[in-house]
Each structure stands twice: as C-alpha cells, then as structure tokens.
Asks: 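Sharing a structure with you now.
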Amino acid sequence: MLKLKDLTLHYGHSQILHDISMEAKSGEVTCVMGCNGVGKTSLMKAITGTHARSGGQMWLDGQEYGMDSAHVLARAGIASVPQGRDIFPLLTVRENLETGFSCLPRDQHHIPDHIFELFPVLRDMINRRGGDLSGGQQQQLAIGRALITKPKLLILDEPTEGIQPNIIQQIGEVIKLLRDQGEMAIILVEQFFEFAYGLADQCVVLRRGEIILEGAKETLSREELLDGVSV
C-alpha cells in the first residue's frame with residue numbers, strides 16, 4: 001500500500017532523515033520504533049505531507065506522489081492520528097468526527113455505525129465538547145475521526161501516550177480488528193515496547209534518522225529489537 005524509497009527530510013540546514021526506504025502492506029501493522037528524537041514523527045510528517053520531504057520517492061496504492069500537500073494526500077487515502085491527538089476542544093464529538101467529511105464526496109457525509117461500534121463512548125458523548133473528554137476518550141475520538149475518511153493507510157503516532165491501561169487495551173483490540181479486515185495498511189509509531197511488539201507484523205527501527213533494523217517480526221528476535229530501541 002505504501003512504498004518509500006530514499007526519503008530524506010531537513011529542518012533548515014539540519015538533515016533529520018537519511019535515505020529511508022520501507023513498505024507498509026495492507027492487512028499488516030508496521031511498527032516504527034526507536035527512542036525519542038530519532039525521527040519517527042518527522043517520518044510520519046513526510047508521509048502525510050505536513051512537512052515536505054527533501055528528496056526520495058513515495059507511492060500509495062501503486063501511484064507515485066511528489067511534494068503533494070497534506071490535503072491531497074488525505075484525499076488519496078492517508079489518515080493520521082498525530083501525537084497529542086489534535087482534536088478540536090471547542091467542537092462537539094459529532095463536529096470533530098464530521099471534520100473528516102472534507103476528504104469524502106458529499107453523498108458520504110454521514111458517520112457510519114461502525115465508528116460507534118468500535119468506540120461506544122463516542123455515541124454516549126456525541127454532544128459533549130472534545131475538550132471535556134478524558135485523554136483516553138480524546139484518543140478514541142481522534143482514531144474515529146481518522147477512520148471517517150475511509151483510509152488506505154492509517155498512521156497512529158504514539159496512541160498510548162498518557163492513556164489509562166484499559167483504554168490502551170481497547171485501542172489495541174481496535175487495531176487488531178482493522179488489521180484483520182485487510183482493507184488498510186497501518187503504521188504504528190510507538191515507544192511502549194510491549195504494546196508495539198504485540199501488534200507488529202513488520203518492524204522498522206530508527207536511530208539518528210536512519211533505519212538500523214527492519215523485517216517481519218518473526219525474523220527478528222525480541223532481544224534484537226530491544227537492543228535497537230535502547231539509547
């Protein structure tokens with residue numbers, strides 16, 4: 001579903017990503033791992049178009065995309081749940097979900113039932129303001145909003161950060177369900193090793209903006225991965 005070749009990214013004169021080549025396949029969870037500051041979020045920004053990459057190539061569902069804007073890539077099928085969630089605190093849950101309509105034709109401007117089946121709390125709080133929700137509820141809202149867009153590629157950046165354990169477990173079950181449906185590729189950026197390792201089909205480990213380890217989980221030992229993500 002997603003293929004990157006020799007992707008580079010700079011912030012000013014500083015090079016953050018160095019020749020990143022990787023793939024994310026439909027029906028699989030690709031975990032991007034590494035400690036703070038290695039370039040994980042920068043890589044997600046390059047994929048989503050929220051920060052222009054400096055070089056390299058990117059394909060989504062077989063079509064190559066150049067330096068396209070985030071809006072173009074969202075319409076193409078890339079949905080992101082960013083670190084920090086970025087929900088609209090003064091909008092209601094319903095209004096937050098409806099912001100996903102901007103990627104869809106007008107005849108699809110409705111909230112599908114399966115969003116509430118995945119996250120029942122959103123139905124219960126449909127008229128509550130986003131800022132009044134707990135951190136875990138906001139995370140569920142952010143994922144639900146991303147799913148409204150019917151993505152081909154779903155990116156989850158640190159979805160467990162600051163979330164209570166029972167919500168982490170629920171989010172994990174949702175990720176498994178979405179993977180098993182086989183309709184999208186999922187990239188999971190995560191520092192919570194046990195959560196990431198339990199969900200991963202493919203692993204990509206970054207260090208100083210470079211891939212130092214990658215492959216199917218069954219081909220990599222737990223010790224290799226732990227060593228790769230350690231400081």
Asks: Would the distance check show the side chain of Thr219 and the main-chain N or O of Gly215 forming a donor-acceptor pair, the cut-off being under 3.5 Å?
Replies: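 Between the backbone of Gly215 and the side chain of Thr219 there is no qualifying donor-acceptor contact (under 3.5 Å).
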Asks: Tell me whether Leu118 shares a hydrophobic cluster with Ile126, the cluster being built from Ile, Leu, Val, Met, Phe, Trp, Tyr side chains joined at under 4.5 Å.
Replies: yes
Asks: Going by heavy atoms in the side chains, are Glu23 and Leu2 under 4.5 Å from each other?
Replies: no
Asks: Does a salt bridge link Glu64 with Lys5, judged by any charged N lying under 4.0 Å from a carboxylate O?
Replies: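 Salt bridge: no.
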Asks: Given the rule in the side chain to side chain donor-acceptor pair (under 3.5 Å) test, do Asn36 and Gln191 qualify, once you have shown the distances and angles that lead to the verdict?
Replies: CA-CA 8 Å; Asn36 276 330; Gln191 289 197 73; 2.6 Å; yes
Asks: Do Ile148 and Leu104 come within less than 4.5 Å of each other through their side chains, counting heavy atoms only?
Replies: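 Result yes, sub-4.5 Å side-chain heavy-atom pair found.
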Asks: Considering only NZ, NE, NH1 and NH2 on the basic side and carboxylate oxygens on the acidic side, decide whether Asp201 and Arg179 come within less than 4.0 Å.
Replies: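 The answer is yes: the pair qualifies as a salt bridge.
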Asks: Is there a donor-acceptor pair under 3.5 Å between the side chain of Asn96 and the backbone N or O of Thr92?
Replies: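 The answer is yes, because a donor-acceptor pair under 3.5 Å joins these two groups.
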Asks: Distance-only, no hydrogens or angles: does the Arg207 side chain make a donor-acceptor pair with backbone N or O of Gly228 under 3.5 Å?
Replies: yes
Asks: Looking at Lys45, I'd like to know if its NZ atom is crowded, meaning that more than 12 non-hydrogen atoms belonging to other residues, nucleotides or ligands lie closer than 6.0 Å.
Replies: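 It does not: Lys45 NZ has 12 such atoms or fewer within range.
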Asks: Which pair of non-hydrogen atoms, one from Met58 and one from Ile78, has the smallest distance, and what is that distance?
Replies: CE-CD1, 4.2 Å
Asks: Do you know the tightest heavy-atom contact between Asp68 and Leu73?
Replies: O-CD1, 3.9 Å
Asks: Does Lys25 come within less than 4.0 Å of Glu28, counting only side-chain N to carboxylate O?
Replies: no
Asks: Could you walk me through whether Ile20 and Leu43 satisfy the side-chain contact (heavy atoms from CB on, under 4.5 Å) test, starting with their C-alpha distance in whole Å, then the side-chain angles of each, then the deciding distance to 0.1 Å, before giving a yes or no?
Replies: CA-CA 9 Å; Ile20 301 293; Leu43 177 57; 4.1 Å; yes
Asks: Could you give the distance from CD1 (Ile111) to NE2 (His114), rounded to the nearest 0.5 Å?
Replies: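 With rounding to 0.5 Å, CD1 (Ile111) is 11.0 Å from NE2 (His114).
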Asks: Take a 6.0 Å sphere around CZ of Arg75 and say whether it holds more than 12 heavy atoms from other residues, nucleotides or ligands.
Replies: yes
Asks: For a quick test of reading the model, state the closest non-hydrogen atom pair linking Pro159 to Leu156 and the distance between them.
Replies: CD-O, 3.9 Å
Asks: Taking all atoms of both residues into account, what is the closest heavy-atom pair of Ile187 and Ala24, and its distance?
Replies: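 The pair with the smallest heavy-atom distance is CG1-CB, 3.9 Å.
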Asks: For the residue pair Gln140 and Ile167, establish whether any side-chain heavy-atom pair is separated by less than 4.5 Å.
Replies: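 Answer yes - side chains close enough.
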Asks: Would you find a donor on one side and an acceptor on the other, under 3.5 Å apart, between the side chain of Ser26 and the backbone of Glu183?
Replies: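 Absent.
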Asks: Which heavy atom in Thr149 sits nearest to a heavy atom in Ala79, and how many Å separate them?
Replies: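 Closest approach of Thr149 to Ala79: OG1-CB, 3.5 Å.
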Asks: Would you say the side chain of Val205 lies within less than 4.5 Å of the side chain of Glu214, judging by non-hydrogen atoms?
Replies: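 Side-chain contact under 4.5 Å: no.
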Asks: Looking at side-chain heavy atoms only, is the closest gap between Leu60 and Met1 below 4.5 Å?
Replies: yes
Asks: Using the rule that Ile, Leu, Val, Met, Phe, Trp and Tyr join whenever any side-chain heavy atoms are under 4.5 Å apart, tell me whether Phe193 and Val204 fall into a single cluster.
Replies: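 Looking at the clustering, Val204 is in a separate group from Phe193.
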Asks: Would you find a donor on one side and an acceptor on the other, under 3.5 Å apart, between the side chain of Gln108 and the backbone of Pro105?
Replies: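 Answer holds: no.
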Asks: Is the side chain of Thr8 donor-acceptor paired with the backbone N or O of Leu17 at a distance under 3.5 Å, no angle test?
Replies: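 Side chain of Thr8 to backbone of Leu17, a donor-acceptor pair under 3.5 Å: no, none is there.
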Asks: Can you hop from Met44 to Val229 via hydrophobic side chains spaced under 4.5 Å?
Replies: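 Cluster IDs for Met44 and Val229 differ.
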Asks: Is a donor on one side and an acceptor on the other found under 3.5 Å between the side chain of Gln137 and the backbone of Ser134?
Replies: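 Yes, Gln137 side chain to Ser134 backbone: donor-acceptor pair under 3.5 Å.
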Asks: Taking the side chain from His109 and the backbone from Glu98, do they hold a donor-acceptor pair closer than 3.5 Å?
Replies: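 Between the backbone of Glu98 and the side chain of His109 there is no qualifying donor-acceptor contact (under 3.5 Å).
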Asks: Is there a side-chain contact (heavy atoms from CB on, under 4.5 Å) between Leu199 and Lys176? Walk through the geometry before answering.
Replies: CA-CA 7 Å; Leu199 290 169; Lys176 290 177 186 176; 3.5 Å; yes
Asks: Lys152 side chain to Ala185 main-chain N or O, any donor-acceptor pair under 3.5 Å?
Replies: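 Not a single qualifying donor-acceptor pair exists.
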Asks: Run the ring pair (Phe, Tyr, Trp, His ring centres under 6.0 Å) test on Phe101 and His110 for me, step by step, so that the C-alpha distance in whole Å, both residues' side-chain angles and the decisive distance to 0.1 Å come before the verdict.
Replies: CA-CA 8 Å; Phe101 292 170; His110 64 274; 7.6 Å; no
Asks: Please determine whether the number of non-hydrogen atoms from other residues, nucleotides or ligands lying under 6.0 Å from atom CD of Glu95 exceeds 12.
Replies: yes
Asks: Rounded to the nearest 0.5 Å, what separation is found between the CD atom of Glu158 and the CZ atom of Arg85?
Replies: 11.5 Å
Asks: Do Ile155 and Ile16 belong together in a cluster built from hydrophobic side chains that touch within less than 4.5 Å?
Replies: yes
Asks: I'd like to check Leu206 versus Ile211 (side-chain heavy atoms, cut-off strictly below 4.5 Å). Are they in contact?
Replies: yes
Asks: Rounded at 0.5 Å granularity, tell me how far CD1 in Ile163 sits from CD in Gln138.
Replies: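 Here the interatomic distance stands at 8.0 Å.
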Asks: Between Ser21 and Leu4, is there a side-chain heavy-atom distance shorter than 4.5 Å?
Replies: no
Asks: Test of understanding: clusters of I, L, V, M, F, W, Y form through side-chain heavy atoms closer than 4.5 Å, transitively. Do Leu225 and Val38 belong to the same one?
Replies: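 Per the 4.5 Å side-chain linkage, Leu225 and Val38 are not co-clustered.
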Asks: Just so I know, are the side chains of Leu147 and Met184 near enough to count as touching, which here means a heavy-atom distance under 4.5 Å?
Replies: yes
Asks: From Arg145 CZ over to Asp86 CG, what is the distance, rounded to the nearest 0.5 angstrom?
Replies: 7.0 Å
Asks: Which pair of non-hydrogen atoms, one from Arg53 and one from Leu9, has the smallest distance, and what is that distance?
Replies: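 The answer is CA-CD1, 4.5 Å.
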Asks: Can you measure from CD1 (Ile143) to CD (Gln170) and round to the nearest 0.5 angstrom?
Replies: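 So the CD1 of Ile143 and the CD of Gln170 are separated by 9.0 Å.
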Asks: Treating Glu190 as the side-chain partner and Phe192 as the backbone partner, does any N or O pair qualify as donor plus acceptor under 3.5 Å?
Replies: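 Checking the backbone N and O of Phe192 against the side chain of Glu190, a donor-acceptor pair under 3.5 Å is found.
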